[in-house]
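This one's a predicted model, so the numbers in the text were calculated from it and none came from an experiment. A note on names: the letters A, B, ... follow the listed sequences, proteins ahead of strands, and every chain is numbered from 1.
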Amino acid sequence: MTIDWSRIRPYGDTLDDGAMQLSFSLPVPYGEEAREAAKQLVGKMGLIESQVYHMKDLGEGYTYFILYANCTHSVDFSKIHVPKVEAPIMGFEEINQYIRKHIKRKIIVLGACTGTDAHTVGIDAIMNMKGYHGEYGLERYPEIDAYNLGSQVDNEDLIEKAIAYRADVLLVSQIVTQKEVHVTNLTELVELLEAEGMRDRFILICGGPRIHHELALELGFDAGFGPGTLAPEVASYFSQELARRKGLV
Amino acid sequence: MTIDWSRIRPYGDTLDDGAMQLSFSLPVPYGEEAREAAKQLVGKMGLIESQVYHMKDLGEGYTYFILYANCTHSVDFSKIHVPKVEAPIMGFEEINQYIRKHIKRKIIVLGACTGTDAHTVGIDAIMNMKGYHGEYGLERYPEIDAYNLGSQVDNEDLIEKAIAYRADVLLVSQIVTQKEVHVTNLTELVELLEAEGMRDRFILICGGPRIHHELALELGFDAGFGPGTLAPEVASYFSQELARRKGLV
Amino acid sequence: MSGKLNLDHRSVEEARVIAKEIAEEVDHFISARSTVSIERTVLRLFGVDGVHDDIPLPNIVVDGLLDAGVLHRGVAFWLCNAIVQTGKTPQEVAELVAKKELSLVDLPVTSEEAVYRTGERLQDAMLDKIFSHRKLRDHYIKKLSEGRKPYLYLIVATGDIYEDVTQARSAARLGADIIAVIRSTGQSLFDFVPYGATREGYGGTYATQENFRIMRAALDEVGEEVGRYIRLCNYCSGLCMPEIAAMGAMERLDVMLNDALYGILFRDINMQRTLIDQAFSRMINSYAGIIINTGEDNYLTTADAVESAHTVLASQFINEQFALLSGLPETQMGLGHAFEMNPELEDGLLLEIAQAQMAREIFPNAPLKYMPPTKHMTGNIFLGHIQDALFNLVSIVTGQGIQLLGMMTEAMHTPHMHDRQLSIENAQYIFRNARHLQDEILFRPDGRIQRRAHTVLTKAVYLLREVKKKSLFTALEEGIFADVKRSRAGGKGLSGVIKRSVDYWNPFECGLRERLQLSIRGEEG
Amino acid sequence: MSGKLNLDHRSVEEARVIAKEIAEEVDHFISARSTVSIERTVLRLFGVDGVHDDIPLPNIVVDGLLDAGVLHRGVAFWLCNAIVQTGKTPQEVAELVAKKELSLVDLPVTSEEAVYRTGERLQDAMLDKIFSHRKLRDHYIKKLSEGRKPYLYLIVATGDIYEDVTQARSAARLGADIIAVIRSTGQSLFDFVPYGATREGYGGTYATQENFRIMRAALDEVGEEVGRYIRLCNYCSGLCMPEIAAMGAMERLDVMLNDALYGILFRDINMQRTLIDQAFSRMINSYAGIIINTGEDNYLTTADAVESAHTVLASQFINEQFALLSGLPETQMGLGHAFEMNPELEDGLLLEIAQAQMAREIFPNAPLKYMPPTKHMTGNIFLGHIQDALFNLVSIVTGQGIQLLGMMTEAMHTPHMHDRQLSIENAQYIFRNARHLQDEILFRPDGRIQRRAHTVLTKAVYLLREVKKKSLFTALEEGIFADVKRSRAGGKGLSGVIKRSVDYWNPFECGLRERLQLSIRGEEG
Ligand code: B12
Ligand code: B12
Ligand SMILES: Cc1ncc(COP(=O)(O)O)c(C=O)c1O
Ligand SMILES: Cc1ncc(COP(=O)(O)O)c(C=O)c1O
């Protein structure tokens, strides 16, 4: 059972069996033809030995399927490279010391949940005094001036405040992702900043349950953080990045 | 929202959105690279906008994924044709009358769960007096002589008994399907019968949770019945088929 | 009341008395004010509808009067005067105003009495019509039957009303008793109600009168087919709270999310504005026989369910009193609470049972709205599905009224069609299998469950005393609920609040007060 | 005993007395007989192992004696005589026999005393060794700790022992307390034990001593890593029941499925054969400190859980007495039962709670083995997952001992790796959230739950009286359990039963009886 890293396939109970579970609905009426349609569909996906284990009539001409099958595709795991935030993660004390030592002034951080998004729990988790999962938020860091603008903040307002507060870092939270509205919102912010020639003035960071670093880079941000992020990860990143940009390290 | 039957795609909440749920494990260690591997894999399956919503370290270098994505494939529903048991389904009384009228003698039926398979509940459901889901089993039919040989019956023994009892119909149940053992067992029976030139002497019927009519035909059976089968469906089929074969209708 | 928790009845009574005082103080404030949306509601109830250059006529008319500085008298007066003067219908008048072919304030007032008489006649006709909808609902329920409690409450939220219809009909066939059409993200901040059938929303579908109609018709049809009256729910909250109440009353909605505190805390709507709006909207809901749902469940999405359980209870007490002040009977009070215990907690289920049973015993006649786990739902749909199963179990064991079904995909997207099916199946399975468990289990005297309920009740009474001391407004400023602080003059919509003049007139409020047998309240504040 | 059900203690006592009589009657029959597999077990305990031309040495030796017509004296006598005569080890003797270089019956018997002494010495050494394994287990548990009850019992069944190891180690890391290696379909009908490490099985992996060793080592290793002793379980049933008991004792297994009734009813094994085998195998299990699991849960896979609940209880009473007759203490009696209510039933959960609580109260010291829903599991994995959640809930609420975790894929395949993860997560979530619910809930006096338990108990007593009247053999012939009828002389393995002669000798039985402080039983029958 030595694994061939260049040809990784799903695993059920035997190496390379390709076992996969799927569920989906089709806009076709319940019946044997529906079952066959489901099987043909996954056949096109490169799945073999498919079994429709459960079918349910949803009414209105729709049918739901639970299906198992074996995937014939494989991936080359040895070639996978995922961009990650590189900065080593420091603790609360360490970060403050780092800022004192290298930046020699407080870092100014603005946070907001933008657009019509009213989900503040995520940005609060990063910023609020009391923090999250046992980790203080940025407001508690003596070397950080953190301002949480709350929810439903327009991109224009955010930029205005960023100038007013002379922010070093902008933290943008996006939780609602329906119709890719987060992508729209985040892209708009970058475009507005670029239009005003201010993109380089800020370390631009976004976060949310559907955000990851790679996506953030694609959207023109400097970094992105996903589910389960804690304040020190974010602060470690921007303090080191700021020091780097200012040529202080 | 009119449906194009020639291009049916999965449905989440918008026609043709292609929404699918998948879960599987890969033999790769938990981490961002694992996530990327999962995404690449479903990419090869023709799924786009994939989101790994859950990942779990299974230990021993394995990772489990729950993933949603949109399927770009479609199927032509208008071209789907599924072979089905054609005989109209009659009720208990009707079947007995039919046999009296057309066959004019009792039909002799032998049932067994073959190989090492010890799952009798399925074949009992079809054959036992008390029946299943409110439908009497074949033993209760006055015009049917039904013999249930029980479980773990060798194919050879079954054939021997079939000759001894002068059976018209053989009912074979296969519940265990691991390593395709049901296919092996069923194929063996057909081969044995053919070798002895007796294949045409019996109406050969198989059943079980993973059996369907199409598979049965492929394996050389006359009919196959899947989950939820009730005795009348089976009896309707074989009484009409017997009458047809004997040229009685 | 089964009294399984051995609750201290004096504490419950004390809580009610304090909550009443808190609500009355606010009501005092409310009674001296109206809002632009109340005035637009008046127009809608007179039958004004439609848009001009995409702006709803009610907005055009009301904004005109506001600009003219005469809204303090109430829109009814100006409209009815125009009717008297022109002999036209309210709709015609509004259209003329929109086209700038008529100026309400420039018309002479020849007889105030004629104006009032006109208003009252139209008011009477509309309230009769609303009452007839209520009768029709009763008739349907009698004819078709209705779901067994807890009602299965399912949401649809595709953004497209026609897609919503498909999903709603599917859900109804599968067992849904209530269909709620979730609103598009952000609609609650609009100071107008969108118009017509809409097919593009974010995380929900716009609440428009036409959408209400389309869905109502679809549910009536499928209800006939499945032999069960299917209730329709929408969101009577945000800046247009009373307008939506009116639309719902006119289109025979059955359930409405309706809670000013929700808007204040979670949508940053100005507290004065929305409390004023709420009072009037609840009268409408009351008279239309609409069950309201309050939003205490939301508190536990930002605050912790263990630590803040008492804030939910305290708020329920206040909401109950607000509802009573608007003439809403207990049987229409779908007070909200939620299953939001952290699944990592040991004995979380015990705490949850204590809370749900306590709500049941304290509000015995309310069709309590029980919300599923949301905050602690993750991308693990399998775990999510069993979190929802425990939620369903607690509901059937404690006799909740409305079960907002949890979805295993809660942490991802608004429901896919089959998500709904699976969650209905989940609830039906649990409800059926534990149907009479409620009758069979008792709680150990002074055990963990009983003690938890006592603690929460005691803390709620303390909290109410504190709120009473500083007034609800101040309490909200201090972040007493949901860990959220809101200032009295902050948030959206304060500019839409108007001080009533002494000759302020809202015939519908008068009519409703009469029909609901509410006393006329004092006018200062 | 909490006595939540207000059970009638006289009925419970009566049931025990009758069950004892039933078991004693069978024991009387047993005591006059041995079987080929008991004799092979004796060889294994003397240290004979290995195969010759793919046939296990114990089979070759025992079959030789059977053919020679001298097995009625017991294999021990012939083997030990050969040892005395040749000075060789048991293994060497067996190998010579296999190679036909030695004939046991042809050797002279010079001193019976020397033969008995040799046997006793070897017996003592082996039982000491088994005891040392038991000590080692205790030591591990003390050092590493063990899981909290109900233990999480997970199966592996890939067919390949090395793949099984991967899956078992993964399960252990995720929280499993017991790993059971399911046997390949059909092994129980083999009248021999396969040999060596095996990589090809159907729906399970062959039970071989080498496979036991491989898995034991893997679990010890991962147990050290996760800081929890991981128990190993296998199937001590079928035609080789006592041999597997011996293998388990030698390889430090911790749990064994061990129930003659299961083999009779579900594998069509001859009842005489397997009941004789069972008596000896349980002595071994007892002394090895192995928890046995009985198979009453299986009854409900063919019979209905509502109608046949009392047959489960009756069988548990009988199994308890059989166990006691083999010196197996209550703390090692993992009596089986199962959550097999039809999910379509109203109040199924109430019936299930009644049954599980009843078993708990009647067998207070037994580590009850609770089986998950299987029969009513379907291809709907989402529904299946919540059926398993209710199963887990009933377990924690009624204090079961061993929780055989249900899998959402039960109706499809033996578990995939992640199926196990999800089911562990399910159990951990429910157990944690309802950890002390058992302490907090009481059942309404004379309510549905209490009444159900009373009914089941009463019917079990009736049934036991009937079985007593006609004897267990006849009752089995009449299909009293699981709706399955089996004839006394039918089924597999009767030809392997031998009548003991007066000079029959099985030193291990004697040694075990002594160490287990069992009285020597009467010898006729
Ligand atoms: C709580 C909640 C609410 C609360 C919000 C209260 C509040 N003040 O925040 C209330 C009840 C008000 C609410 C309302 C709505 N909600 Co809501 N809500 C949720 C819920 C249950 C939990 C979200 C949460 O708090 N998670 C906990 C936090 C800690 O996690 P997080 O946000 O991921 O944040 C972490 C990381 O992502 C990261 N992070 C986040 N932001 C940032 C920013 C930076 C810079 C960094 C570095 C890191 C970072 O760090 C955080 C800590 O680790 C989710 C469902 C779920 N279980 O996820 C739905 C959910 C997010 N809501 C949803 C919707 C649609 C709505 C509504 C729009 C529904 C409607 N149409 O009315 C409304 C309106 C709100 C609006 N306009 O935005 C959808 C979104 C669907 C989608 N994918 O687009 C969800 C997924 C539910 C669903 N299935 O429908 N909701
Ligand atoms: C009950 C049961 C048992 C009982 C069987 C008792 C008995 N006398 O039948 C016991 C406990 C003994 C048992 C043992 C084992 N079982 Co089992 N068992 C099941 C279980 C829980 C239910 C099967 C059942 O009764 N279904 C109800 C009947 C009514 O449905 P049905 O069989 O599909 O029959 C219907 C149709 O298919 C059709 N039909 C069936 N046969 C025929 C024939 C004809 C001619 C026709 C027309 C129609 C027809 O009509 C029937 C009525 O509608 C399933 C899991 C599940 N939920 O499905 C596992 C299952 C079948 N068992 C399984 C296994 C592996 C075993 C064992 C081999 C495990 C082991 N290694 O020890 C053992 C050994 C048994 C053996 N050698 O066969 C696996 C099979 C995996 C696979 N796909 O291969 C399953 C799926 C469980 C699992 N996930 O591991 N089992
Ligand atoms: C009481 C109440 N009103 C309204 C809403 C919906 O809010 P909105 O339409 O403002 O997004 C909710 C959401 O859960 C609620 O609980
Ligand atoms: C008591 C008992 N023994 C043995 C088995 C396994 O049987 P076999 O190995 O004969 O397939 C089971 C199966 O569930 C059982 O319950």
Which portion of A:F65 sits near chain B, non-hydrogen atoms under 4.5 angstrom
neither

Looking only at heavy atoms, which two atoms of A:W5 and B:P27 are closest? And how far apart?
CZ3-O, 3.6 Å

Search all heavy atoms of A:L41 against all heavy atoms of B:C71 and return the closest pair with its distance.
CD1-SG, 4.2 Å

Carboxylate-amine/guanidinium proximity below 4.0 Å for B:K84 and A:E33
yes

Would you mind telling me which of A:I66, A:D16, A:V82, A:V28 has the largest number of heavy-atom pairs within less than 4.5 Å of chain B?
A:V28

With chain B, the option among A:R35, A:H213, A:Q51, A:K79 that has the most non-hydrogen atom pairs under 4.5 Å is A:Q51

Is any side-chain heavy atom of A:M45 closer than 4.5 Å to one of B:M20?
yes

For atom CZ of A:R7, is the number of surrounding heavy atoms from other residues, nucleotides or ligands below 6.0 Å larger than 12?
no

Between B:R9, B:R210, B:H212, which residue shows the highest count of heavy-atom pairs closer than 4.5 Å to chain A?
B:R210

Atom CD of A:Q40 and atom CD1 of B:I8: how far apart are they, to the nearest 0.5 Å?
11.5 Å

Here the pair of heavy atoms bringing A:I80 nearest to B:E36 is CG2-CG, 3.7 Å

If I measure from the heavy atoms of chain B, does A:A37 come under 4.5 Å with its side chain, its backbone, both, or neither?
both

Mind checking the CG-OH spacing from A:L15 to B:Y62? Nearest 0.5 Å is all I need.
5.5 Å

Residue part contacting chain A, namely of B:Y64, when any heavy atom lies under 4.5 Å:
neither

Distance, nearest 0.5 Å, that separates CD of A:E49 from CD of B:E180:
5.5 Å

Mind checking whether B:P29 and A:F77 have side chains closer than 4.5 Å, heavy atoms only?
yes

Within a radius of less than 6.0 Å around OH of A:Y136, do more than 12 heavy atoms belonging to other residues, nucleotides or ligands occur?
no

